[in-house]
Amino acid sequence: MALRAVPGRCRWLARALAAPGAVRGPPPAAAPASVPVLYPAALCPLRPAARFASTAGQGPEAEGPQRRVVVVRITSPLAWLRTRFYYLLIRLYFDQEFSIEEFTRGAKQAFSVVSKLLSQRKLDLLDELVSAEVLQVLKEKLSLLPDNHRDALAADIDAIMYTTEGDVRIYYDDDGRKFVSILMRFWYLNGANLPDEVPGETKVFQIVFGDESTKEKRHLLTANYEFQREFTEGAKPDWTITRIEHPRLLE
């Protein structure tokens, strides 16, 4: 389920995220997303392109199997070039210090905070983080959500295994206001009690740590959050979340 709305105030995100600008142009077509491919660590003797996490102890005293998940990023060359072109436009026209790395770090922190508050149904604390229209829809959806699905919404910052940017849009609305939106995609581990399969959907990834006596099963879940800011002259330099997707959970 995609939840969309026009941007509003978000001072906390303004401090956490880099501030891109905008140039005139029609909204581009959505680009294919990067796809993380999971491999057991034992099958990857060489250094991987990226590693999700390692929760095992370090050093010779560490006992038990290492808890690692390795990710290899497969990216569409056209999507990569397109997003880099938009980042270049942002730096050239509106923010010379814009960095997608800094933006990603801020978006990751925002995702963790918002997802936990959603899980706890503390929507009153999201007024300056999420647009009012999205919050209204969330209130209706969360009231009907099973407890295990609500628990699965929460993403601890250390449990976010992989983050990548999705679609980047720079556009004007019918009133001539300028906007920039960046869709961020997150993969995170969660130990909620979810079924192995959700009817009508793709099988949920499961990762088991430890041996048979101490094994811990956690689900690898995905979420998409869109961050949007208005760059019209005189507009407040605030970001807001205008789209929230938790596939197979928040339907």
Side-chain angles (χ1 to χ4, degrees), residues 1-5 10 12-13 16 33 36 38 52-56 67-69 71 104-164 166 183-227 240-251:
M1 177 188 69
L3 308 177
R4 292 181 176 273
C10 187
W12 186 86
L13 288 180
L38 303 180
F52 271 5
S54 177
T55 58
R67 300 179 177 185
R68 294 192 303 169
V69 179
V71 60
T104 299
R105 280 193 286 270
K108 183 177 177 180
Q109 294 174 5
F111 165 60
S112 180
V113 170
V114 171
S115 66
K116 289 180 180 179
L117 292 176
L118 287 178
S119 178
Q120 299 165 9
R121 292 197 290 189
K122 296 182 178 179
L123 300 183
D124 56 317
L125 300 180
L126 294 175
D127 287 343
E128 293 194 359
L129 300 177
V130 181
S131 67
E133 291 82 356
V134 171
L135 280 178
Q136 182 59 42
V137 177
L138 287 172
K139 289 179 181 178
E140 299 173 2
K141 296 295 182 180
L142 289 174
S143 64
L144 303 175
L145 207 63
D147 290 343
N148 60 338
H149 280 208
R150 192 170 64 248
D151 292 341
L153 297 177
D156 290 331
I157 191 71
D158 294 334
I160 301 174
M161 299 290 99
Y162 185 68
T163 304
T164 186
L183 179 66
M184 300 300 297
R185 306 182 189 277
F186 305 94
W187 283 259
Y188 64 101
L189 291 177
N190 185 285
N193 183 23
L194 296 175
D196 292 347
E197 294 188 17
V198 179
E201 297 290 347
T202 305
K203 182 179 178 65
V204 177
F205 284 101
Q206 296 180 41
I207 299 173
V208 179
F209 295 126
D211 55 29
E212 287 299 320
S213 62
T214 61
K215 68 180 181 180
E216 174 190 1
K217 184 173 71 173
R218 304 178 73 184
H219 295 278
L220 179 64
L221 304 173
T222 62
N224 304 319
Y225 280 48
E226 183 180 68
F227 299 85
T240 191
I241 296 173
T242 56
R243 175 179 174 185
I244 293 178
E245 293 179 341
H246 281 266
R248 301 183 293 277
L249 295 176
L250 195 59
E251 300 292 347

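Listed here is the closest heavy atom pair of Ala223 and Tyr188: CB-CE2, 4.2 Å. Looking at every heavy atom in both residues, Ser115 comes nearest to Ala155 through OG-N, 3.1 Å.
For Ser112 (side chain) and Gln109 (main-chain N/O), no donor-acceptor pair under 3.5 Å exists by modelled atom type. The closest donor-acceptor contact from the side chain of Ser131 to the backbone of Thr242 lies at 3.5 Å or more, if one exists at all. At distances below 3.5 Å, not a single donor-acceptor pair connects side-chain atoms of Thr163 with backbone N or O atoms of Phe186. Side-chain N or O atoms of Thr222 include none that pairs as donor or acceptor with a backbone N or O of Trp187 at under 3.5 Å.
Legend: residues meeting ring-ring contact (aromatic ring centres under 6.0 Å, His included) with Tyr225, ordered by chain and number and at least two apart, are Phe111, His246. Scored by the side chain to side chain donor-acceptor pair (under 3.5 Å) test, Lys116 finds Asp156 as partners (sequence neighbours excluded). Partners of Gln136 under the side chain to side chain donor-acceptor pair (under 3.5 Å) rule, at least two apart in sequence or in another chain, do not exist in this structure. Residues passing the salt bridge (Lys or Arg N to Asp or Glu O under 4.0 Å) test with Asp124, sequence neighbours excluded: none. Residues satisfying the side chain to side chain contact (heavy atoms under 4.5 Å, CB included) test with Asn148, not counting sequence neighbours, are Pro146, Leu194, Pro195.
Atoms CG and CG, on Leu249 and Asn190 in that order, are 8.0 Å from each other to the nearest 0.5 Å. Leu126 CG to Leu117 CG: the interatomic distance, rounded to the nearest 0.5 Å, is 5.0 Å.
Looking at heavy atoms from C-beta onward, Leu142 lies in side-chain contact with Leu250 at the 4.5 angstrom threshold. At least one side-chain heavy atom of Phe227 sits under 4.5 Å from a side-chain heavy atom of Ile241. At a threshold of 4.5 Å between non-hydrogen side-chain atoms, the residues Leu153 and Leu145 count as touching. Put simply, the side chain of Asp151 does not reach to within 4.5 Å of the side chain of Asn193, judged on heavy atoms. With contacts defined as side-chain heavy-atom distances shorter than 4.5 Å, the pair Arg243/Val134 does not qualify. Taking the side chain as every heavy atom from C-beta outward, Leu189 and His219 never approach each other to under 4.5 Å. Between Leu118 and Ile244, the closest side-chain pair of non-hydrogen atoms falls below 4.5 Å. Using a 4.5 Å heavy-atom threshold, the side chains of Arg150 and Arg121 count as touching.
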- Task: Could you go through the side-chain contact (heavy atoms from CB on, under 4.5 Å) check for Leu129 and Thr240 one step at a time?
- Result: CA-CA 5 Å; Leu129 300 177; Thr240 191; over 6 Å; no
- Task: For the pair Leu183 and Arg185, evaluate side-chain contact (heavy atoms from CB on, under 4.5 Å) and give the outcome as yes or no after the intermediate values.
- Result: CA-CA 7 Å; Leu183 179 66; Arg185 306 182 189 277; 3.6 Å; yes
- Message: Does Thr164 form a side-chain contact (heavy atoms from CB on, under 4.5 Å) with Thr104? I'd like the steps, not just the answer.
- Response: CA-CA 8 Å; Thr164 186; Thr104 299; over 6 Å; no
